[in-house]
Amino acid sequence: MFFRYFITVLLFLFTSAIDPFEKFAESTTRHTNNWAILVDTSRFWFNYRHVANVLSIYRSVKRLGIPDSNIILMLADDMACNARNPRPAEIFNNVAEQINVYGDDVEVDYRGYDVTVENFVRVLTNRLPEVTPVSKRLLSDESSNIFIYMTGHGGDGFLKFQDNEEISAVELADVFEQMWRKKRYHELFFVVDTCQAATLFEKFYSPNILAVGSSKRGEDSLSHHVDPKIGVYVIDRFTYYALEFLEKLKQDSQKTINDFFHCCPKHLCISEVTWRTDLFTKRDYRKTLLTDFIGNVRRTDIVMLDNQFLNNIVLNSTNDANTNKEDQSKQQFTYISQMPIMD
């Protein structure tokens, strides 16, 4: 009996000692900024579509509000300047060639032979040389939501870089765990368009991660269509339908992560889009907005004020102007409450 009483008293003292500011902080989301890491791991002319994939997603992410300062763009080959390109300085993702996804405002952070497994890992873990410019760094923190999109040639548990090296599913999982322990993300959304894509996120074990891949184990991720004027496939099927979905979004869109998971059904993708949500436990992914990862964080609500309220503001400011200098000197260093304090 005495032991139960003792435990009760301890629990009471512990709960009453919690700082009310901590209670307030725990009750609100820590998400304050978004970052995007977009990676094409393939080079050579016949992999034109992988560059177009990344640039298409890059264009949508920027349109939805993430600035270039918060985007790390990695292109393993410069298709725009390739000697085989009949459209010099241009890259298209559709046979109609209506939109040059390379554009005039593309900021490539890592290009050509700089796109390596080592540099990719260094960017994620912030282990870059001191001379690395800010524009090539992922300056995220524990309040950052990070969107990672990767495309290239993959297989069972790996993704090739430059046809020269590869990153394995185990290595990728360990990198994300390092990011979590170093407080480099709040939530992370991983999207990969490659063959056997689902095998890349099977080993993930860090919290607050959502993942989706264009194909399951044993399946190829297929291209969508050829542009006969260019002579190669210009986009992959999953990215084509994902882009079609994203292009309909606005910054105030209510589309959810779950809606994105179903943007490319099997009769369109041919392969089976696969996703993983078991690590994302803090909130329901079916109610999580897609723009929480690929849009502008800042949302505003328009509040209509009635005339009586506005008149009170003017009246109060007039009364304040009539206060004497002695009262003003007394109130000079008076602070007002800036955040709610819990009793």
Inset, instruction - Under the salt bridge (Lys or Arg N to Asp or Glu O under 4.0 Å) rule, what do Glu187 and Arg283 come out as? Steps first, then yes or no, please. - result: CA-CA 11 Å; Glu187 294 171 339; Arg283 52 184 178 146; 2.6 Å; yes

Inset, instruction - Check whether the side chains of Asp193 and Ser214 place a donor and an acceptor atom closer than 3.5 Å, and report yes or no. - result: yes

Legend entry - Gap between atom CZ of Arg111 and atom CG of Leu73 - 0.5 Å precision: 8.5 Å

Legend entry - Heavy atoms of other groups near Tyr113 OH, more than 12 under 6.0 Å: no

Legend entry - Spacing of Asp109 atom CG and Met74 atom CE [to the nearest 0.5 Å]: 8.5 Å

Inset, instruction - To the nearest 0.5 Å, tell me how far Ser253 OG sits from Phe245 CZ. - result: 6.5 Å

Legend entry - Which residues share a salt bridge (charged side-chain N to carboxylate O under 4.0 Å, His left out) with Arg137, sequence neighbours left out: none

Legend entry - Asn34 vs Phe293 side-chain heavy atoms within contact, under 4.5 Å: no

Legend entry - Any donor-acceptor pair under 3.5 Å from Glu166 side chain to Val117 backbone: no

Legend entry - Step-by-step side-chain contact (heavy atoms from CB on, under 4.5 Å) determination, Thr274 to Glu219: CA-CA 11 Å; Thr274 307; Glu219 284 187 338; 5.9 Å; no

Legend entry - Flag if over 12 foreign heavy atoms under 6.0 Å of CZ, Arg84: no

Legend entry - Non-hydrogen side-chain atoms of Phe260 and Phe189 separated by less than 4.5 Å: yes

Legend entry - Phe190 atom CZ, neighbour heavy-atom count above 12 within 6.0 Å: yes

Inset, instruction - For residues Ala211 and Phe201, report the shortest heavy-atom separation together with the two atoms involved. - result: CB-CG, 3.5 Å

Inset, instruction - State plainly whether one hydrophobic cluster holds both Phe238 and Phe147, where clusters connect Ile, Leu, Val, Met, Phe, Trp and Tyr through side-chain heavy atoms under 4.5 angstrom apart. - result: yes

Using distance only, find each side-chain donor-acceptor pair of residues 89-98 under 3.5 Å and give its atom names and separation, not counting sequence neighbours.
from	atom 1	to	atom 2	distance (Å)
Asn93	ND2	Ser56	OG	2.8
Asn94	OD1	Ala96	N	2.9
Glu97	OE1	Arg87	NE	3.0
Glu97	OE1	Arg87	NH2	3.4

Inset, instruction - Mind running side-chain contact (heavy atoms from CB on, under 4.5 Å) on Trp45 and Met79 for me, showing each step along the way? - result: CA-CA 7 Å; Trp45 176 248; Met79 299 302 176; 3.9 Å; yes

Inset, instruction - Answer yes or no: is there a side-chain heavy-atom contact under 4.5 Å between Tyr185 and Ile209? - result: yes

Legend entry - Of Thr256, Asp259, Leu246, the residue whose pairing with Leu290 passes side chain to side chain contact (heavy atoms under 4.5 Å, CB included): Leu246

Inset, instruction - Indicate whether the side chain of Asn119 and that of Asp114 have a donor and an acceptor atom separated by less than 3.5 Å. - result: no

Inset, instruction - With the side chain counted from C-beta on, respond yes when Thr132 and Arg122 share a heavy-atom pair under 4.5 Å apart, and no when they do not. - result: no

Legend entry - Gln196 (side chain) donor-acceptor with Thr194 (main chain) under 3.5 angstrom: no

Legend entry - Joint hydrophobic cluster, Leu159 plus Val170, side-chain heavy atoms closer than 4.5 Å: no

Inset, instruction - Any chance you could measure Met150, atom CE, to Asn53, atom CG, to the nearest 0.5 Å? - result: 13.0 Å

Legend entry - Exam field: side chain Thr277 to backbone Phe280, donor-acceptor pair closer than 3.5 Å: no

Legend entry - Atom NZ of Lys229 with >12 non-hydrogen neighbours under 6.0 angstrom: yes

Inset, instruction - Nearest 0.5 Å please: distance from the CG atom of Asp236 over to the CG atom of Asp220. - result: 11.0 Å

Legend entry - His153 and Asp163 side chains, donor-acceptor separation under 3.5 Å: no

Inset, instruction - Taking the side chain as every heavy atom from C-beta outward, state whether Trp180 and Pro207 have any atom pair closer than 4.5 Å. - result: yes

Legend entry - Quiz item: cation-pi between Lys136 and Tyr110, 6.0 Å / 45°: yes

Inset, instruction - Check whether any side-chain N or O of Thr41 sits under 3.5 Å from a backbone N or O of Lys160 as a donor-acceptor pair, and report yes or no. - result: yes

Legend entry - Heavy-atom side-chain contact between Val101 and Tyr58 under 4.5 Å: no

Inset, instruction - Could you tell me whether a side-chain N or O of Thr239 sits under 3.5 Å from a main-chain N or O of Val54, the two making a donor and an acceptor? - result: no

Inset, instruction - Take Glu177 and Arg181 through the salt bridge (Lys or Arg N to Asp or Glu O under 4.0 Å) test and state the conclusion after the steps. - result: CA-CA 6 Å; Glu177 177 64 13; Arg181 290 183 179 274; 2.8 Å; yes

Inset, instruction - Keeping the roles fixed (side chain from Arg276, backbone from Glu202), state whether a donor-acceptor pair exists under 3.5 Å. - result: yes

Inset, instruction - Might you work through the side-chain contact (heavy atoms from CB on, under 4.5 Å) test for Val191 and Ile57, ending with a clear yes or no? - result: CA-CA 11 Å; Val191 179; Ile57 300 297; over 6 Å; no

Legend entry - Asp292 vs Asn145, side chain to side chain donor-acceptor pair (under 3.5 Å): CA-CA, chis, key distance, verdict: CA-CA 7 Å; Asp292 282 355; Asn145 277 8; 5.5 Å; no

Inset, instruction - Begin with the C-alpha distance, continue with both residues' side-chain angles, and end with the deciding distance and a verdict on ring-ring contact (aromatic ring centres under 6.0 Å, His included) for His262 and Trp275. - result: CA-CA 10 Å; His262 295 87; Trp275 54 84; 5.0 Å; yes

Legend entry - Exam field: side chain Gln162 to backbone Arg43, donor-acceptor pair closer than 3.5 Å: no

Legend entry - Over 12 non-hydrogen atoms of neighbours within 6.0 angstrom of CZ in Arg184: yes

Legend entry - CD-CZ distance between Gln251 and Arg63, expressed to the nearest 0.5 angstrom: 8.5 Å

Inset, instruction - Return yes when atom NZ of Lys182 has more than 12 non-hydrogen atoms of other residues, nucleotides or ligands closer than 6.0 Å, and no otherwise. - result: yes

Inset, instruction - Report yes if some heavy atom in the side chain of Asp141 is under 4.5 Å from a heavy atom in the side chain of Asn33; otherwise report no. - result: yes

Legend entry - Worked check of salt bridge (Lys or Arg N to Asp or Glu O under 4.0 Å) between Glu171 and Lys203: CA-CA 9 Å; Glu171 291 169 333; Lys203 303 295 185 181; over 6 Å; no

Legend entry - Test item: Phe176 and Leu124 side chains (from C-beta on) under 4.5 Å apart, heavy atoms: yes

Inset, instruction - Could you tell me whether the side chains of Asp174 and Tyr205 share a donor-acceptor contact shorter than 3.5 Å? - result: yes

Inset, instruction - Show the numbers, then the answer: is there a side chain to side chain donor-acceptor pair (under 3.5 Å) between Thr151 and Asp40? - result: CA-CA 5 Å; Thr151 184; Asp40 153 51; over 6 Å; no

Inset, instruction - Give the cluster check for Ile66 versus Leu75: same hydrophobic cluster or not, with ILVMFWY residues linked at side-chain heavy-atom distances below 4.5 Å. - result: yes

Legend entry - Evaluation steps, side-chain contact (heavy atoms from CB on, under 4.5 Å), between His224 and Arg237: CA-CA 4 Å; His224 189 266; Arg237 300 189 76 88; 4.1 Å; yes

Inset, instruction - Tell me who clusters with Leu222, hydrophobic residues only, linked when side chains sit under 4.5 Å apart either directly or through other members. - result: Ile270

